[in-house]
Amino acid sequence: MESSPRGRDLLFQFTGRPPLGTSVSLALQHLVAMIVGCVTPPIIIAGAVGLSQADRVLLIQASLVMSAVCTILQLFPISRYFGSGLPVILGVSFAYVPSMQAIASSGGGVAAIAGAMIVGGVVAVLVGIFVKKIRLLFPPVITGTVVFTIGLSLYPTAINYMAGGTANTAEAIAASGASESLIYGSWQNWLVAAMTLAVVIILNHFAKGLCKLASILIGMLFGYVVAAVCFGMVSFSSVGEAAWFSLPRFLHFGVTFDPASCIAIGLLFAINSIQAIGDFTATTVGGMDRDPTDRELQGGIIAYGVSNILTALFGGLPTATYSQNVGIVTTNKVINRTVFALTGGFLLLAGVSPKFAAILTTIPQCVLGGATVTVFSTIAMTGMKLIASQDLTARNTTIVGLSAALGVGISQAAESLSQFPDSFTMIFGKSPVVVATIMAVLLNLVLPREKK
């Protein structure tokens, strides 16, 4: 008769109560790995939309709180059709940033993003229900092309942030009374960004353990100190005004349904639903030595869709499974949901404190750019890995090359669709992801397959 696992052995079981101290330390490891990725998209979108300081804080708060809620819903399934019951962490996804920036530039604001998220959530639920059939339309060459295109489209955002942010013109800085070193394109911005990037690269390639895992966070802290002490780029005036405790507000930003925005975000939800299958599979194979069941995949994707509808209603941004946390699971084999629930708890605590969110808004854009350019390059290379997982035949290279070329090319040639209706331009001209996705799927269906 085998004895039931006890103590630390429970860390390698999904259920049970492992030692609290060990669980907390492992939960903090997961938190460190994902916190920067979770808060950066709302900071970027808040700047793109032009939100007030109070609304910036609320957007960050809502994104953190709802990331925690989305994670908990996956860990503790409500029924066999809602929740994966797998050790995963969800957070705000960079994959949606290009399309959300396009919505912001068209004047839609957070309300239009929320409306598109609700439609996208419905799309994800439908993908979950029919996942066996729909996933056939999205082999690795398709999902890889889309992820690669997302990474490419984020590069200009990183460069603009490294330079200080396009909104920080000389006139705007003079009017606000902020340090002249914050002016877009200044050498101070580039120096701080380069130093931040250097620290991230050094830690990522030469450090081990927690320092390697937290390379982006440590790089940002270093850049933040340099920006504050050496160039006076940081102001804490807004932090003092922020409250210590506050909850996200229901429909604070409102909801509007713009057809063009809904189509753009809806397509991304379909793609990310398929991407989630990859993360679920990597988690079970790497941490549990088995493939995910159909119920786990279906419940996970349905919960992903419904939880994002809730997120939209409470003013958060789209979430997705975090691959970096999947990487931790495959490395240390720790799958106990107590660890992941604690990570969600820490996210929740951070989200209900406007003071914490206000501190995040003081991070200079050059620091964010220097730290996140590595994240964006990793996204692009993740797409390349997915593409390379299949043979690079003439057919596959045509799908990847032509889809990326048309997607990125049209979005960068700003006036190429100027004679088309605004709604058409919004869908196909603002973000490269939509064109790349449609082209990749069509080419995959139309081009003849090579004979083996």
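One is the number of the first residue; the rest follow in order along the sequence.
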When rounded to the nearest 0.5 angstrom, what is the spacing between OH in Y224 and SG in C366?
11.5 Å
Once the angle between the rings of F231 and W187 is folded into 0 to 90°, is it parallel (under 30°), tilted (30 to 60°) or perpendicular (over 60°)?
perpendicular
With distance as the sole test, does S403 use its side chain to make a donor-acceptor pair with the main-chain N or O of A440 at under 3.5 Å?
yes
State the CG-OG distance between L317 and S63, to the nearest 0.5 angstrom.
4.0 Å
Nearest atoms (heavy-atom pairs only) where A228 meets V234:
CB-CG2, 3.6 Å
Determine whether more than 12 heavy atoms belonging to other residues, nucleotides or ligands lie under 6.0 Å from atom CD of E180.
no
Interatomic distance, SG@C230 vs CE@M195, rounded to 0.5 Å, equals 7.0 Å
Is the backbone of A27 close enough, under 3.5 Å, to the side chain of T343 for a donor and an acceptor to pair up by distance?
yes
Would a distance-only check, ignoring hydrogens and angles, find a side-chain to backbone donor-acceptor pair under 3.5 Å from Y322 to C38?
yes
With rounding to the nearest 0.5 angstrom, report the CD1 to CG distance, I43 to L59.
9.5 Å
Any donor-acceptor pair under 3.5 Å from R395 side chain to N444 backbone
yes
Worked check of side-chain contact (heavy atoms from CB on, under 4.5 Å) between L347 and I35
CA-CA 8 Å; L347 276 174; I35 188 68; 4.0 Å; yes
Y81 atom OH, over 12 foreign heavy atoms within 6.0 Å:
no
Examine distances only and state if a side-chain atom of T196 and a backbone atom of V192 form a donor-acceptor pair shorter than 3.5 Å.
yes
Does S186 use its side chain to pair, donor to acceptor, with the backbone of S181 at less than 3.5 Å?
yes
Taking V141 as the fixed residue, which of L443, T397, N396 is the one that meets the side chain to side chain contact (heavy atoms under 4.5 Å, CB included) rule?
N396
Sub-3.5 Å donor-acceptor pair from the side chain of S353 to the main-chain atoms of A350, do we have one?
no
Donor-acceptor pair, side chain of S179 and main chain of L182, under 3.5 angstrom:
no
Under 3.5 Å donor-acceptor, Q74 side chain and G83 backbone
no
Short side-chain to backbone donor-acceptor contact, T362 and S235, under 3.5 Å:
no
Quick one: closest heavy-atom pair of F340 and P87, and the distance?
CE1-CB, 3.4 Å
Output for pair (L297 CG, I277 CD1), nearest 0.5 Å, gives 5.5 Å
